[in-house]
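As the structure lists them, so they are numbered: ligands from 1, and atoms in each ligand from 1. Throughout, numbering of the chain's residues begins at 1 and tracks the sequence.
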Amino acid sequence: MQTSRPSFLTLPPRPAKPRATGLTHVLDKGYSIGRVEETLSAYAEWVDVWKFGWGTAYVEPLLAEKVRLLRDRGILACTGGTLLEIAWSQDRVDEFFEFATWAGFECVEVSRGATPMPAARKVELIERGRALGFEVFAEVGSKDPCELVSADAWVAEVRADLEAGASWIVTEGRESGTVGLYDAQGEVREQLLDSLAAVPGAERIIYEAPQRAQQAVLLRRLGPNVNLGNVALDDVVGLETLRRGLRSDTIGLTETGLRLAAGRGA
Ligand SMILES: C=C(OP(=O)(O)O)C(=O)O
Ligand SMILES: O=S([O-])[O-]
């Protein structure tokens, strides 16, 4: 006789998909469709958004198939912000949106961290994406490690992007976790995090956090259902255990977080 799987621990609750909180956003750096299919057949429940990093969508041979696979698994497929920035810099924005429609993307990322795009152009691109029926992920912060945007400027841009119709804000961290919300050592810019977490609409923020220590800091500070982005495919299960307090970095995590010793939990 089959019995149901025993569960015997008291752990922080995790909402089921489709979630409005506790999103896990994966950064695709060029995973083959076979690998994606195999991984998602087991772990799709823990992945909400899938970003084709920077310009990888442009060169992916099986793009439309991969996007369809993600849709079938209940995962939102999103373009990388850099791709639209390059299209904008070459005056090919219409062509970008035609490409995104052709591939079946439901979401586009709009950013200005890789090119000198003025904030007003970014707002126009957010409105444009919305008008075309895309869900817009607006990224805030620069990819340039020398450009330390002030907390006030970040907050102003978050507000403007939400007003323009962005569904989600993505805070810059890149694949490396050494820019944007982080210093060159990967440590969280604490004052910036405090300012962001206090913005009206902060529940719409997805914090790019590619390093485990960064994920742990954000979970301890903001709770198990903070939205985390730029997660590597290999880290999806590990992140789920961090969210539930099943790894030493977050043992004892409650719904409102945990203020452990300030260490990075590395
Ligand atoms: C994640 C990156 O870029 P994008 O936000 O454009 O995907 C990156 O360059 O590390
Ligand atoms: O592309 S990066 O940030 O390593």
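Applying the 4.0 Å criterion to heavy atoms of Gly53 picks out, from ligand 1, the atoms 7 (O). For ligand 1, the atoms lying closer than 4.0 Å to a non-hydrogen atom of Gly80 are 6 (O), 7 (O). In summary, the atoms of ligand 1 found under 4.0 Å from a heavy atom of Glu109, numbered by their order in the structure, are 5 (O). Distances below 4.0 Å separate heavy atoms of Thr82 from the following atoms of ligand 1: 3 (O), 4 (P), 6 (O).
If you look at Asn230 next to ligand 1, the close heavy atoms, those under 4.0 Å, all belong to the side chain. At a heavy-atom distance under 4.0 Å, only side-chain atoms of Lys51, from C-beta outward, approach ligand 1.
In this structure, Glu240 pairs ionically with Arg244, as a charged nitrogen and a carboxylate oxygen lie closer than 4.0 Å. Ion pairing of Lys143 with Glu85 is absent here, as no side-chain N (NZ or NE/NH1/NH2) approaches a carboxylate O to less than 4.0 Å. Under 4.0 Å is where a charged nitrogen must lie from a carboxylate oxygen, and between Arg212 and Asp235 no such pair does. Ion pair Glu45/Arg19 flagged as a salt bridge, since at least one NZ, NE, NH1 or NH2 atom sits closer than 4.0 Å to an Asp/Glu carboxylate oxygen.
If you check each of Lys143, Glu175, Glu208 against atom 3 (O) of ligand 1, the one with the closest non-hydrogen atom is Lys143. Of the candidates Phe52, Trp54, Phe137, the one placing a heavy atom closest to atom 7 (O) of ligand 1 is Trp54.
Tested against Arg112, the residues Glu124, Glu139, Glu157 include a single salt bridge (Lys or Arg N to Asp or Glu O under 4.0 Å) partner, Glu157.
Put simply, Phe134 and Trp50 are part of the same group of oily side chains (I, L, V, M, F, W, Y) that touch within less than 4.5 Å, one to the next. Both Leu162 and Leu193 are assigned to one and the same hydrophobic cluster, defined by single-linkage of ILVMFWY side chains at heavy-atom distances under 4.5 Å.
Some N or O of Arg174 is nearer than 3.5 Å to an N or O of ligand 1, by distance alone.
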